[in-house]
Amino acid sequence: MHHREIWLQKVFNDYLPGIGNAFLKLAGQPAQDRPWADFIVMELLVALILIVLFAWLRPQLSMDRPGKLQHCFELIRDFVYGESEAAVGHGGAKYLVYFGTLFLFILFCNLIGVIPGFASPTINPSVPAGCAIATFCYYNLMGVREQGVGKYLVHFAGPMPFLAPLMIPIELISHMARPLSLTVRLYANMYAGEQVTLVFLMLTYFAVPAVFMGLHVFVSLLQAYIFMLLTMMYVSGAVSHEH
């Protein structure tokens with residue numbers, strides 16, 4: 001079953017099929033007539049929007065006369081900083097770049113579907129899965145960097161040596177389940193929210209759809225926050241010296 005292409009996806013498939021097939025070849029996949037999937041195109045658009053936004057904002061940063069956009073991102077920065085300090089503890093600011101990038105990327109991916117003619121890439125499970133795998137790799141790498149390989153691996157055995165045969169399988173299963181949990185939570189909530197919004201947009205007009213569009217925005221913010229918060233908790237557990 002073929003889904004109708006969004007306009008930007010059509011542009012990519014009409015004019016850039018060679019580049020799409022080159023990426024498919026790198027991934028070991030066969031070439032296709034129309035290789036660009038909608039969620040890939042929308043991810044690229046979100047990444048481009050963020051790059052252009054910050055490239056435009058950076059030269060305008062001012063201590064004396066901050067603009068409205070600077071105020072907005074300063075609020076986001078302070079919010080993420082506060083959450084990281086609360087979740088990770090003193091020193092949480094070291095991981096602020098990853099937390100902030102993850103939050104903004106997921107938030108923009110969630111919200112872009114509100115714009116007519118676009119689609120939220122997070123309603124495809126591949127995108128939440130990619131973010132979840134990135135988080136899984138990141139917190140384990142930070143744990144190894146902070147504690148060293150040996151000490152980091154020892155915490156999988158639990159606090160008491162005689163419990164190690166029981167704790168190691170439990171810890172491994174728990175850690176391996178985290179990417180799946182992050183993926184399902186974000187994908188399921190965004191997909192459900194998208195479907196509810198679409199149904200009510202087809203059934204009603206004017207004021208009532210605006211309510212559900214507002215609900216979609218709220219869900220988008222909430223899911224980006226939850227994903228970031230869980231990432232902070234995983235990092236906190238990985239870098240803690242209390243094991």
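Under the 30°/60° scheme for interplanar angles, the aromatic rings of Phe118 and Trp7 are found to stand perpendicular. Taking the six-membered ring where tryptophan is involved, the planes of Tyr98 and Tyr138 are essentially parallel, since the angle between them stays under 30° and well short of 60°. Relative orientation of the Phe136 and Tyr139 rings is perpendicular, given thresholds of 30° and 60° on the angle between their planes.
By the neighbour-count criterion of 12 heavy atoms within 6.0 Å, atom CZ of Phe218 is sparsely surrounded, having that number or fewer from other residues, nucleotides or ligands. In this structure, Tyr81 places its OH atom where only 12 or fewer heavy-atom neighbours from other residues, nucleotides or ligands lie under 6.0 Å away.
Of the listed residues (Glu43, Met190, Gln223), just one forms a side chain to side chain contact (heavy atoms under 4.5 Å, CB included) with Thr122, and that residue is Met190.
Smallest separation of non-hydrogen atoms from Tyr187 and Asn124: CD1-C, 4.0 Å. Across all non-hydrogen atoms, the minimal contact from Pro17 to Asp33 is CB-O, 4.2 Å. Closest approach of Ala157 to Ile168, counting heavy atoms only: CA-CG1, 3.8 Å.
Sorted by first and then second residue, the salt bridge (charged side-chain N to carboxylate O under 4.0 Å, His left out) pairs involving residues 90-103 (not counting sequence neighbours) are Lys94-Glu146.
A donor-acceptor pair under 3.5 Å is formed between the side chain of Trp36 and the backbone N or O of Leu16. Panel note: side chain Ser220, backbone His216; a donor-acceptor pair is recorded below 3.5 Å. A side-chain donor-acceptor contact under 3.5 Å links Thr231 to the backbone of Phe227. A donor-acceptor contact shorter than 3.5 Å links the side chain of Thr101 to the backbone of Val97.
Taking hydrophobic clusters as Ile, Leu, Val, Met, Phe, Trp and Tyr residues chained together by side-chain heavy-atom distances below 4.5 Å, Trp56 shares a cluster with Phe105. Under a hydrophobic-cluster definition in which Ile, Leu, Val, Met, Phe, Trp and Tyr are linked whenever side-chain heavy atoms come within less than 4.5 Å, directly or via other members, Val217 and Phe79 are assigned to the same cluster.
Between the side chains of Glu5 and Asn13, at least one donor N or O lies within less than 3.5 Å of an accepting N or O.
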